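Below is one structure, written out as structure tokens; the observations come after it.
Keep in mind it's a predicted model, so treat the numbers as computed, not measured. Counting starts at 1 for both ligands and their atoms, following the listed order.
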Amino acid sequence: MRNDLLTRLAERTAAREQEQLTRRLRTIDRVDGPWVWVGNKRLLSFCSNDYLGLSQHPDVIAALRRADSVGSGSAHLICGHRAEHAALEQALAEWTGRERALLFSSGYMANLGTLQALLRDGDLCVQDKLNHACLLDGASLSGATLARYVHADVASASRQLATAGDVPALLATDGVFSMDGDIAPLGELAALCKAQSATLMVDDAHGLGVLGKNGAGSVEAAGLGQQQVPVLMATLGKALGCYGAFVAGSAALIDGLLQTARPYIYTTATPPALAAAALTAVQVARRECWRRDRLGSLIDRFRAGAAQLGLPLLPSTTAIQPLLLGEAATALEAARGLEAEGFLVTAIRPPTVPQGKARLRITLSAAHTDEHVDRLLEALARFASRPPHPSPLPWLCRGRGLG
Ligand SMILES: *Cc1c(COP(=O)(O)O)cnc(C)c1O
């Protein structure tokens, strides 16, 4: 007899519950800057990716309201491509110093579409072990051989590329790693790709708006142009405070994606109202440099305070400042303690991060004040000062390999 799929799914859910890995939805009733309300309870949030505080910027909201329609009515290639989309694509290309840009509904779709369009069966896709899930999923969808290298280790990436002979190869990396906050060694990766004739793709979801002299991201900060990083992807849902994503590069790349990227072709274009809002967000991000400076000074303040308290910081200089607590239960307990004190900080557990590397993922925003950061530090001293768990002795090792 066939196994019932829903029964099997329920068994998986129950197994997660036992390992304290169940994910729970929380409904946020209201937002005001860094404050969120869950029911009647007001919490100071340190887990949003709204790094510049643009999601509630009055100009961005006004642009959204001015638009003449909410929905686009169709896919881009039918009649959904509106002047708002075109203007946003142009602004993004100009900001990132690329010939053209192409909008996708989300970062997830952009990565699926780009990898599926560029790669075929038999090609090689080399990726950092800590890349975002959708880059990995995109590689699987493409049919290429996926080889993952040790996090941020250029020598390891080089070995992976060298073993493949001369099949076409793409090296994909996050610009800023979403769960660790560190920045990829982009200059060295670009040199490696040049030497090995591989194509470099950077997913700068967490770098755009935050890094670089003009806020154009980790690739700008590393001084890399379209030649060195021919495929640049970033999202509009993080520092820009909106929703959606884009790929920027040569006119040939963009035209190729438009012809062949299935997640671009077979889906409804994002609301023109959102494109208008995102265009305004780009303008504000470029104009109001103080937001980046402010974020930078909050990051410095947080790191200095956390170091003084001996908190288990990771080496990140970006808005993502995780505290490594080890076991999932430890991270959950810390998050619950913080919530009881009025802070919203999420515990990130496997499988999002490796086993034994559960953490509190603290994110800072230009919407926070110095006092907010100081209050968080005080609370963290009470709930998150445990050092990272030592690796378990081999004979006590549970889980991996036994499941
Ligand atoms: C958030 C994120 C994505 C997905 O973008 P969405 O627009 O949320 O789908 C892709 N890559 C990285 C590195 C991300 O952090």
Side-chain angles (χ1 to χ4, degrees), residues 23 25 47-52 54-55 85 88-89 92 96 101-116 125 127-142 146 148 151-152 170-186 189 200-211 216-219 221 229 231-248 257 261-264 267-271 274-275 277-278 281-282 314 316 318-322 346 348 351-353 359 361-365:
R23 301 172 192 266
L25 259 182
C47 41
S48 156
N49 300 318
D50 185 12
Y51 303 128
L52 299 178
L54 295 183
S55 72
H85 297 121
L88 175 58
E89 286 176 339
L92 291 167
T96 55
L102 189 71
L103 293 174
F104 283 80
S105 306
S106 70
Y108 204 114
M109 303 256 271
N111 281 342
L112 291 191
T114 304
L115 292 174
Q116 165 256 313
C125 184
Q127 296 206 21
D128 190 293
K129 270 221 147 112
L130 297 190
N131 272 356
H132 194 271
C134 57
L135 280 171
L136 301 170
D137 293 353
S140 314
L141 182 68
S142 75
L146 173 63
R148 297 166 80 185
H151 176 53
L170 179 97
L171 189 153
T173 181
D174 285 13
V176 172
F177 289 89
S178 54
M179 295 300 139
D180 287 50
D182 56 334
I183 302 169
L186 294 177
L189 289 173
L200 178 58
M201 171 173 180
V202 175
D203 171 340
D204 207 21
H206 298 278
L208 187 78
V210 173
L211 300 174
S218 62
V219 170
V229 181
V231 189
L232 171 61
M233 171 274 185
T235 66
L236 310 173
K238 282 156 185 162
L240 291 171
C242 294
Y243 179 78
F246 68 96
V247 174
L257 292 178
R262 295 168 65 87
Y264 175 81
T267 198
T268 301
T270 46
L274 257 177
V282 169
L314 289 181
S316 155
T318 68
I320 303 165
Q321 291 292 331
T346 28
I348 306 281
T352 306
V353 291
R359 63 197 66 188
R361 180 177 179 271
I362 293 158
T363 52
L364 299 170
S365 160

Quick one: which ligand 1 atoms are inside 4.0 Å of a heavy atom on S106? 7 (O), 9 (O)

Near-ring test F177/H132, centroid separation under 6.0 angstrom: no

Do N111 and D203 have a side chain donor and acceptor closer than 3.5 Å? yes

Atom 2 (C) of ligand 1: nearest protein contact (heavy atom, Å): K238 NZ, 2.4 Å

Proximal ligand 1 atoms for D174, defined as those under 4.0 Å from one of its heavy atoms: 13 (C)

Side-chain heavy atoms of Y51 within contact of T363, under 4.5 Å: yes

Sub-4.0 Å heavy-atom contact, C134 with ligand 1: yes

Can you find a side-chain donor-acceptor pair between T173 and D128 that sits under 3.5 Å? no

Any sub-3.5 Å donor-acceptor pair from T267's side-chain atoms to P263's backbone N or O? no

Any non-hydrogen side-chain atom of D174 less than 4.5 Å from a side-chain atom of H206? no

among protein heavy atoms, the one nearest atom 15 (O) of ligand 1 is H206 NE2, 2.5 Å

Please check whether Y108 reaches ligand 1 - meaning an N/O of the residue sits under 3.5 Å from an N/O of the ligand, judged on distance alone. yes

Could you check atom 11 (N) of ligand 1 against the protein and tell me its nearest heavy-atom contact, residue, atom and distance included? D203 OD2, 2.5 Å

Under a 3.5 Å cutoff, is there a donor and acceptor pairing between the side chains of D182 and H151? yes

Report yes or no: do S365 and D50 form a side-chain donor-acceptor pair below 3.5 Å? no

Tell me which protein heavy atom sits closest to atom 7 (O) of ligand 1, plus the residue, atom name and distance to 0.1 Å. G107 N, 2.7 Å

Looking only at distances, can you tell me whether any N or O atom of T235, backbone or side chain, sits closer than 3.5 Å to an N or O atom of ligand 1? no

Examine the proximity of ligand 1 to S178 and report which part, side chain or backbone, both or neither, has a heavy atom under 4.0 Å away. side chain

I'd like to know if M109 contacts ligand 1, where contact means a heavy-atom distance under 4.0 Å to any ligand atom. no

